[in-house]
Amino acid sequence: MSTDSPNAFDTPPQPPAKQGMSTGAKVLIILAVVFGGFLLVCCGGMAFFAYSATKSLNISQDPAEVAKVTAEIAEIDIPAGLDPKMSMGGTIPLVGVSMHMAIYSDKDTGSMLTLFTMQTPQGQTSQEQLRQQMEQSLQQQGGNREVEAEKINVEETREIELTINDKPASFTLSKGTGAKSGKPRIEVVGTFEGKAGATFVMLNVDAEKYPEEKVVETLESIK
């Protein structure tokens, strides 16, 4: 028998490719970390929150569902290029925490928009409470601000004050360069009064594709 032609036994079997963590799982882990301190104070424990969240929150990657949840949070003109990535919504039983979140992303540029609102058994969280808790938690986590957005090396910042739904809204706009790409980036972090109460918004984008004027227009479109 000739040994020149290959056969199925010449190549050892390849191990199956490892599958990465699902988007929903990533988001739940990040939420558990980010809001852990807050929930330990008001709801009795991060571990129980994480377990309850897994069972109770409706997590979807259906663009129609993402749009629906977004509309429940606020009206906003999403910049072209940021596509619906995932949504989350529901109330965690026993602890009584209600959460809604919508995420849009541009994978090619590592850009992302996140809208998040939360109500606790003690009542609606104020804009200031939500902002302080988010910023404190993000600092503690070393700036891991998004599920996939590129971290920004901040070079300059400015405050943007708007009126949304007849209430003051405050945003911090930071400009700098991407930690990995070195390209210009813009990041906005802030809070406003949305349809379901205090809402946190985070927009981290490539400044060449999404210039500052487009970012400001997005903020001004919020209702």
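Please read all numbers here as calculations on a predicted model, not as lab measurements. Along the sequence shown, the residues carry numbers beginning at 1.
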Could you go through Glu72 and Lys195, starting from their C-alpha distance and side-chain angles, then the distance that decides it, and tell me whether this counts as salt bridge (Lys or Arg N to Asp or Glu O under 4.0 Å)? CA-CA 7 Å; Glu72 292 173 352; Lys195 295 181 179 179; over 6 Å; no
Do Glu161 and Ser170 meet the criterion of a side-chain donor-acceptor pair at a distance under 3.5 Å? yes
Does either side chain, that of Thr218 or that of Tyr210, offer a donor lying less than 3.5 Å from an acceptor on the other one? no
Do Val69 and Leu82 sit in the same hydrophobic cluster, where Ile, Leu, Val, Met, Phe, Trp and Tyr count as joined when their side-chain heavy atoms come under 4.5 Å apart? yes
Val188 and Thr172: side chain to side chain contact (heavy atoms under 4.5 Å, CB included), yes or no, with the steps? CA-CA 6 Å; Val188 172; Thr172 300; over 6 Å; no
Answer yes if Met202 and Ile152 sit in the same cluster of Ile, Leu, Val, Met, Phe, Trp and Tyr residues linked by side chain heavy atoms under 4.5 Å apart, and no otherwise. no
How long is the straight-line distance from CZ of Phe171 back to CD of Glu187, given to the nearest 0.5 Å? 14.0 Å
Side chain to side chain contact (heavy atoms under 4.5 Å, CB included) with Leu173: which of Val215, Val189, Thr157? Val215
Can you measure from CZ (Phe200) to CZ (Phe192) and round to the nearest 0.5 angstrom? 11.0 Å
Give a yes or no answer on whether the side chain of Lys85 reaches the backbone of Gln61 with a donor-acceptor pair at less than 3.5 Å. no
Could you report the tightest heavy-atom contact between Thr109 and Lys209, atom names first, then the distance? CG2-CD, 3.9 Å
Are a donor atom and an acceptor atom from the side chains of Glu150 and Ser181 found within less than 3.5 Å of each other? yes
Grab the two heavy atoms, one from Asp77 and one from Ser221, that are nearest each other, plus how far apart they are. N-OG, 2.9 Å
Is it true that the side chains of Asn165 and Glu193 contain a donor and an acceptor less than 3.5 Å apart? no
Quick test of your reading of the model: are Glu208 and Lys183 salt-bridged, counting only N-O distances below 4.0 Å? no
Distance (rounded to the nearest 0.5 Å) between Lys223 NZ and Ile76 CD1: 12.0 Å
Test your reading of the model: is there a side-chain donor-acceptor pair from Ser60 to the backbone of Asp62, 3.5 Å cut-off? yes
Show the nearest heavy-atom pair for residues Val66 and Met86, with the distance to one decimal. CG2-C, 3.5 Å
Side chains of Asp106 and Met112, heavy atoms from C-beta outward: is any pair under 4.5 Å? no
Full working for side chain to side chain donor-acceptor pair (under 3.5 Å) between Thr114 and Tyr104: CA-CA 7 Å; Thr114 301; Tyr104 293 77; over 6 Å; no
Under 3.5 Å, is there a donor on one side chain and an acceptor on the other for Glu65 and Ser87? no
Contact check, side chains of Thr199 and Thr191, non-hydrogen atoms, under 4.5 Å: no
Minimal non-hydrogen separation, Ile186 against Lys175, with atom names: CG1-CG, 4.3 Å
List the atom of Ala102, the atom of Thr70, and the distance in Å for their closest heavy-atom pair. CB-OG1, 3.2 Å
Euclidean distance, Leu113 CG relative to Asp83 CG, rounded to 0.5 Å: 11.5 Å
Lys/Arg N to Asp/Glu carboxylate O, Glu155 vs Arg185, below 4.0 Å: no
Are Ile160 and Val205 connected into the same hydrophobic cluster when the rule is that any two of I, L, V, M, F, W, Y join if their side-chain heavy atoms are below 4.5 Å apart? yes
If you look at every heavy atom in Pro63 and Pro84, which pair is closest and at what distance? CA-CB, 3.9 Å
Which distance, rounded to the nearest 0.5 Å, do you find between the CD1 of Ile78 and the CG of Leu203? 9.0 Å
Supply the atom-to-atom distance Phe116 CZ to Met99 CE, rounded to the nearest 0.5 angstrom. 4.5 Å
